Participant: 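Before I ask anything, here is the structure I am working with.
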Amino acid sequence: MEILELTASNLRKHGFEAETVSTLQDAAAILERERLKTSPVIFSYGDSVTVRKTGLIEKYRGMDGFLDGFDKDLPRQENLKIRRKALMSDFFFTGVNAIISDGRMVWLDMIGNRISPVIFGPERVVILAGRNKIVGTQDEAVKRIKTISAPQNAIRHVNFRTPCQKTGVCMDCNSKDRICSSWLIMERCVPAGRIMVVLIDEDLGF
C-alpha cells in the first residue's frame, strides 16, 4: 500500500480527491457512495475493464438517468449518440491507463468519449485504478500504454483489426480500427475536488 499512499498524497496536492482501498469491492462501495451523494439526474461511464468488474454497470442498467453508451444490443451509431449525451452528465465514472506516482494521470483514447468528460462537463467524476496502473515517470506511463493497455484493449474488441492484436505492442498503425488517437495527461484537477481517484491494492484492468 505504500506506493498507493504516496500516489494518493501527490494527487491530493494537485487538487484531486484520492482514497486508497484494499479491494475492488471497497472501491465499488465508494463509487456508489459518491453517486448517491451527488444525487445525479443523469449519470454515465467510460468503458473500463476495472469498472465492469465492480458489477455496477449491471446494477445501474435500467435505472432512470443512466446512460449506457456501450449497449451491445444497440447499433454503434446509437451508442455514439448516447456517449455524446454522457459528456454533460451529472456524474461520470471510468478507469485510467496509467497514473504517475507524482500525481499525474495519463490516457490514450480512440474517440475521446472517455477522456472528454474527465476534463470538463460532469459535476462529479470518479476514477478507479488498480495498483498495476501506477508508474514512476511519464516515459514509463507511455511505455505501459503502448505495450500493455492499448494492445490488450484492442484484442478484446474482436471486430477490430489492428497490428497490435498480433504483435502485442503498438505499431503506430493507420488501421481504420486504431484505438490510439488522443492523449490526455492530466496534471491538476480544476476546480479542485471535482475528480476523485480511488486507488485499489489489486492488479486490475489493462
Side-chain angles (χ1 to χ4, degrees), residues 11 14 16 31 43-54 57 67-72 74 76-89 91-100 103-122 124-130 132-135 138-165 167-190 194-199 204-206:
L11 284 165
H14 293 172
F16 299 93
L31 195 157
F43 63 110
S44 190
Y45 70 106
D47 200 20
S48 156
V49 171
T50 302
V51 164
R52 287 189 177 277
K53 284 188 175 180
T54 65
I57 303 302
L67 300 177
D68 187 354
F70 299 89
D71 189 334
K72 293 181 179 179
L74 294 178
R76 179 170 174 77
Q77 289 304 313
E78 288 301 313
N79 274 317
L80 289 176
K81 289 180 181 178
I82 295 171
R83 292 179 207 178
R84 290 189 187 98
K85 292 179 181 178
L87 298 179
M88 290 302 293
S89 56
F91 183 85
F92 188 84
F93 57 101
T94 189
V96 63
N97 296 131
I99 300 181
I100 306 170
R104 293 178 288 158
M105 294 186 285
V106 186
W107 288 261
L108 180 56
D109 221 20
M110 183 179 187
I111 62 173
N113 66 283
R114 180 176 53 149
I115 60 178
S116 295
V118 171
I119 298 170
F120 181 79
R124 184 64 160 164
V125 174
V126 174
I127 294 166
L128 304 185
N132 52 310
K133 301 294 183 72
I134 300 174
V135 297
Q138 185 171 316
D139 286 345
E140 289 176 0
V142 171
K143 181 179 180 180
R144 182 183 195 287
I145 291 168
K146 288 194 172 187
T147 61
I148 299 174
S149 301
Q152 290 189 22
N153 197 28
I155 288 168
R156 78 184 178 103
H157 290 85
V158 295
N159 295 325
F160 286 7
R161 295 292 179 268
T162 61
C164 66
Q165 288 183 313
T167 66
V169 294
C170 175
M171 304 296 291
D172 194 20
C173 70
N174 284 316
S175 168
K176 67 179 181 63
D177 295 324
R178 176 181 169 124
I179 65 170
C180 304
S181 300
S182 300
W183 287 94
L184 169 61
I185 301 174
M186 181 165 270
E187 299 194 349
R188 298 292 187 276
C189 179
V190 180
R194 172 179 168 265
I195 298 172
M196 168 177 280
V197 184
V198 184
L199 302 175
L204 296 163
F206 303 145

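Sequential numbering from 1 along the given sequence is applied to the chain's residues. Just so it is clear, the model here is predicted, and its values are computed rather than measured.
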Participant: Taking side chain as C-beta onward, heavy atoms only, is Arg156 less than 4.5 Å from Phe206?
Facilitator: yes

Participant: Is it true that a side-chain atom of Ser44 and a backbone atom of Ala86 form a donor plus acceptor pair closer than 3.5 Å?
Facilitator: no

Participant: Do Thr54 and Leu31 touch side chain to side chain, with heavy atoms closer than 4.5 Å?
Facilitator: no

Participant: Can you tell me how far OG of Ser89 sits from CZ of Arg83, rounded to the nearest 0.5 angstrom?
Facilitator: 14.0 Å

Participant: Can you give me the closest heavy-atom contact between Asn97 and Leu108, atom names plus distance?
Facilitator: OD1-N, 2.8 Å

Participant: Main chain of His14, side chain of Arg188: is a donor-acceptor contact present, judged purely on distance under 3.5 Å?
Facilitator: no

Participant: Ignoring hydrogens, what is the shortest heavy-atom contact between Gln138 and Arg104? Give both atom names and the distance.
Facilitator: OE1-NH1, 2.8 Å

Participant: For a side chain to side chain contact (heavy atoms under 4.5 Å, CB included) with Thr162, tell me which candidate from Asp177, Ile155, Ile179 qualifies.
Facilitator: Asp177

Participant: For the residue pair Tyr45 and Phe93, categorise the inter-ring angle as parallel (less than 30°), tilted (30 to 60°) or perpendicular (more than 60°).
Facilitator: parallel

Participant: Hey, could you give me the NZ/CG distance between Lys72 and Asn79, rounded to the nearest 0.5 Å?
Facilitator: 11.0 Å

Participant: Which heavy-atom pair separates Ser149 from Arg144 by the least distance, and what is that distance?
Facilitator: OG-NH1, 2.8 Å

Participant: Might you work through the side-chain contact (heavy atoms from CB on, under 4.5 Å) test for Asp68 and Leu74, ending with a clear yes or no?
Facilitator: CA-CA 10 Å; Asp68 187 354; Leu74 294 178; over 6 Å; no

Participant: So which heavy atom on Thr94 is nearest to which on Asp47, and how close?
Facilitator: OG1-O, 4.2 Å

Participant: Tell me whether Asp71 is salt-bridged to Arg76, with the criterion being a basic N under 4.0 Å from an acidic carboxylate O.
Facilitator: no

Participant: How long is the straight-line distance from CD1 of Ile115 back to CE of Met110, given to the nearest 0.5 Å?
Facilitator: 13.0 Å

Participant: Mark yes or no for whether Lys133, through its side chain, and Val96, through its backbone, hold a donor-acceptor pair below 3.5 Å.
Facilitator: yes

Participant: Within a strict 4.5 Å, meaning less than it, do heavy atoms of the Ile127 and Trp107 side chains meet?
Facilitator: yes

Participant: Enter the distance from Met196:CE to Leu128:CG here, rounded to the nearest 0.5 Å.
Facilitator: 10.5 Å

Participant: Using side-chain contact (heavy atoms from CB on, under 4.5 Å), reason through Val106 and Ile100 one step at a time and then give a plain yes or no.
Facilitator: CA-CA 8 Å; Val106 186; Ile100 306 170; 4.0 Å; yes

Participant: So, using ring pair (Phe, Tyr, Trp, His ring centres under 6.0 Å) as the criterion, who are the partners of Phe91 when residues are at least two apart?
Facilitator: none

Participant: Which heavy-atom pair separates Asn113 from Asp109 by the least distance, and what is that distance?
Facilitator: N-OD2, 3.6 Å

Participant: Could you measure the distance from the CZ atom of Phe92 to the OG atom of Ser116? Nearest 0.5 Å is fine.
Facilitator: 8.5 Å

Participant: Is a side-chain N or O of Trp183 found less than 3.5 angstrom from the main chain of Val142, in a donor-acceptor match?
Facilitator: no

Participant: For Met186 versus Ile195, what's the shortest heavy-atom pair and its separation?
Facilitator: SD-CD1, 3.6 Å

Participant: Taking only residues two or more places apart in sequence, or in another chain, which ones meet Lys81 in a salt bridge (Lys or Arg N to Asp or Glu O under 4.0 Å)?
Facilitator: Glu78

Participant: Can you tell if the side chain of Ile119 reaches within under 4.5 Å of the side chain of Leu184, non-hydrogen atoms only?
Facilitator: yes

Participant: Cationic tip of Arg194 within the cone over Phe16's six-membered ring, i.e. under 6.0 Å and within 45° of the normal?
Facilitator: no

Participant: How long is the span from the CD atom in Glu140 to the OG1 atom in Thr147, to the nearest 0.5 Å?
Facilitator: 11.0 Å

Participant: Identify, with sequence neighbours excluded, every residue that meets side-chain contact (heavy atoms from CB on, under 4.5 Å) alongside Pro151.
Facilitator: Cys164

